[in-house]
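The first residue in the sequence is number 1, and the count goes up from there.
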Amino acid sequence: MSRHSGWRIFPLIWLNLALAGARALRWDTAEEIDLDRVDGIVIGGGDDIAPSLYGTEIVARVTLDPARDRMEQSLIAQALAQNLPILGICRGAQMLNVVLGGTLHQNAFGVYGSRKYSTILPRRNVSIRRDSHLARIAGTDPMRVNALHSQAVNRLGRDLRIAATDEAGMVQAVERTAEPFAIGVQWHPEHLFYARRQRRLFRALTLAARAYGAGRDQRDGVATDLAAQ
């Protein structure tokens with residue numbers, strides 16, 4: 001979490017994970033992180049990611065948090081190495097892409113014709129790829145989501161594929177094509193806890209964490225367990 005906004009975002013993520021049957025720990029840049037204490041991680045939203053991390057210069061107005069950049073780079077790299085499942089939310093989805101060698105559009109709305117929203121209310125229409133793992137979790141019907149971002153995925157990182165886009169083609173979700181389970185969504189599902197399909201993202205992470213703890217395949221295990229519920 002961000003040290004600046006974590007106090008208001010963490011309770012929502014805690015609630016969503018509790019509803020999914022999981023218990024959450026909060027980490028920020030002031031905390032000592034011990035991945036042995038957890039079976040999965042959530043990278044939440046926050047400030048923009050420094051363009052230097054994906055090999056370019058600042059060309060748009062950005063708000064940066066270098067300490068958090070360093071923390072999350074290390075955290076995601078370690079989680080992938082240890083096979084820990086990951087859910088990335090907004091900035092978290094972007095950081096997952098960057099850590100895996102991808103790039104971002106600093107001003108995504110200057111590239112795409114998407115209407116820019118800045119609200120926690122569901123205003124953006126998202127299409128989910130039928131062959132995606134996200135579709136197995138949340139279904140293939142068009143999804144109405146919120147939008148608080150200015151950056152978005154440009155070039156995909158290693159072992160990632162597009163799972164959802166908006167009407168203009170802007171990437172709205174990415175997912176790994178290999179273990180461990182890792183999905184990044186551009187919207188904020190924690191604010192949409194009243195929507196069953198959004199809660200299923202946190203349920204999927206919880207099931208992936210249980211599969212990790214049991215030494216089972218995470219991606220197929222999540223789909224199988226969700227189908228049985």
Side-chain angles (χ1 to χ4, degrees), residues 9 12-13 15-17 19-20 42-45 85-97 100 102-105 107-157 159-177 181-208 218-229:
I9 295 174
L12 288 171
I13 293 180
L15 173 62
N16 279 276
L17 288 170
L19 291 172
V42 178
I43 306 292
I86 300 169
L87 173 61
I89 296 173
C90 197
R91 171 195 162 94
Q94 298 163 11
M95 183 60 85
L96 176 65
N97 188 60
L100 289 171
T103 64
L104 304 177
H105 292 299
N107 179 13
F109 296 94
V111 176
Y112 294 92
S114 303
R115 179 176 175 181
K116 186 171 183 178
Y117 296 96
S118 295
T119 176
I120 62 172
L121 299 176
R123 292 289 184 267
R124 184 177 305 289
N125 293 315
V126 168
S127 297
I128 300 174
R129 300 281 176 93
R130 290 188 173 274
D131 61 345
S132 68
H133 195 53
L134 179 61
R136 299 165 74 183
I137 295 169
T140 58
D141 290 343
M143 183 181 286
R144 192 87 158 165
V145 302
N146 51 28
L148 294 169
H149 63 95
S150 57
Q151 298 183 333
V153 168
N154 180 5
R155 188 183 72 240
L156 284 172
D159 298 323
L160 288 180
R161 66 182 177 187
I162 297 171
T165 57
D166 69 8
E167 304 100 315
M170 186 188 300
V171 175
Q172 293 294 322
V174 294
E175 61 186 25
R176 268 179 65 84
T177 58
F181 171 96
I183 286 182
V185 297
Q186 190 67 75
W187 62 91
H188 285 261
E190 72 273 22
H191 287 287
L192 305 173
F193 55 87
Y194 50 84
R196 178 175 178 269
R197 298 172 74 192
Q198 304 302 327
R199 294 196 306 272
R200 282 174 72 86
L201 289 167
F202 294 94
R203 182 61 177 162
L205 178 68
T206 300
L207 292 172
Q218 295 172 28
R219 296 169 71 250
D220 289 341
V222 166
T224 300
D225 291 345
L226 281 174
Q229 295 179 0

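In this model, a donor atom of one side chain and an acceptor atom of the other lie less than 3.5 Å apart for R144 and N125.
Residues passing the side chain to side chain contact (heavy atoms under 4.5 Å, CB included) test with A173, sequence neighbours excluded: L134, A163, A164, V185, W187. Legend: residues meeting side chain to side chain contact (heavy atoms under 4.5 Å, CB included) with R219, ordered by chain and number and at least two apart, are H133, R161, E179, F181, D217. Listed by chain and number, the residues in a side chain to side chain contact (heavy atoms under 4.5 Å, CB included) with R200 are I137, R196, L226 (sequence neighbours excluded). With sequence neighbours excluded, the residues satisfying side chain to side chain contact (heavy atoms under 4.5 Å, CB included) with I162 are R129, L156, T165, V171. With sequence neighbours excluded, no residue forms a side-chain hydrogen bond (donor to acceptor under 3.5 Å, both in side chains) with R176.
The closest side-chain heavy-atom distance from Q186 to V126 is not below 4.5 Å. Side chains of Q94 and H149 form a contact here, defined as non-hydrogen atoms less than 4.5 Å apart. Side chains of L12 and F193 form a contact here, defined as non-hydrogen atoms less than 4.5 Å apart. Two residues are said to be in side-chain contact when any heavy atoms from C-beta on lie closer than 4.5 Å; I128 and R197 meet this criterion. Side-chain contact check for D159 versus L100: every heavy-atom pair is 4.5 Å or farther apart.
Counting all heavy atoms, side chain and backbone alike, L104 lies closest to V153 at CD2-CA, 3.9 Å. For the residue pair A20 and R203, the shortest heavy atom distance occurs at O-NH1, 2.6 Å. Of all the heavy atoms in G45 and C90, the pair that sits closest is CA-CB, 4.3 Å. When every heavy atom of P189 is checked against every heavy atom of L201, the shortest pair comes out as CB-CD1, 3.9 Å. The two residues A208 and Q218 make their nearest non-hydrogen contact at O-CG, 3.7 Å. Between A182 and L96, the shortest heavy-atom distance links the atoms CB-CD2, 4.3 Å.
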Does the side chain to side chain contact (heavy atoms under 4.5 Å, CB included) test come out yes or no for I89 and H188, once each step is laid out? CA-CA 6 Å; I89 296 173; H188 285 261; 3.8 Å; yes

For E190 and N16, what are the C-alpha separation, side-chain angles and deciding distance, and is it a side-chain hydrogen bond (donor to acceptor under 3.5 Å, both in side chains)? CA-CA 6 Å; E190 72 273 22; N16 279 276; over 6 Å; no

Any chance you could lay out the side chain to side chain contact (heavy atoms under 4.5 Å, CB included) test for F202 and L87, step after step, and finish with the verdict? CA-CA 8 Å; F202 294 94; L87 173 61; 3.9 Å; yes

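Between the side chain of T103 and the backbone N or O of R155 there is at least one donor-acceptor pair closer than 3.5 Å.
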All N/O donor-acceptor pairs, side-chain side in residues 114-121, below 3.5 Å, sequence neighbours left out:
from, atom 1, to, atom 2, distance (Å)
S114, OG, D166, OD1, 3.4
S114, OG, D166, OD2, 2.7
T119, OG1, L121, N, 3.0

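Considering CG of L148 and CZ of R124, their distance stands at 10.0 Å, rounded to 0.5 Å.
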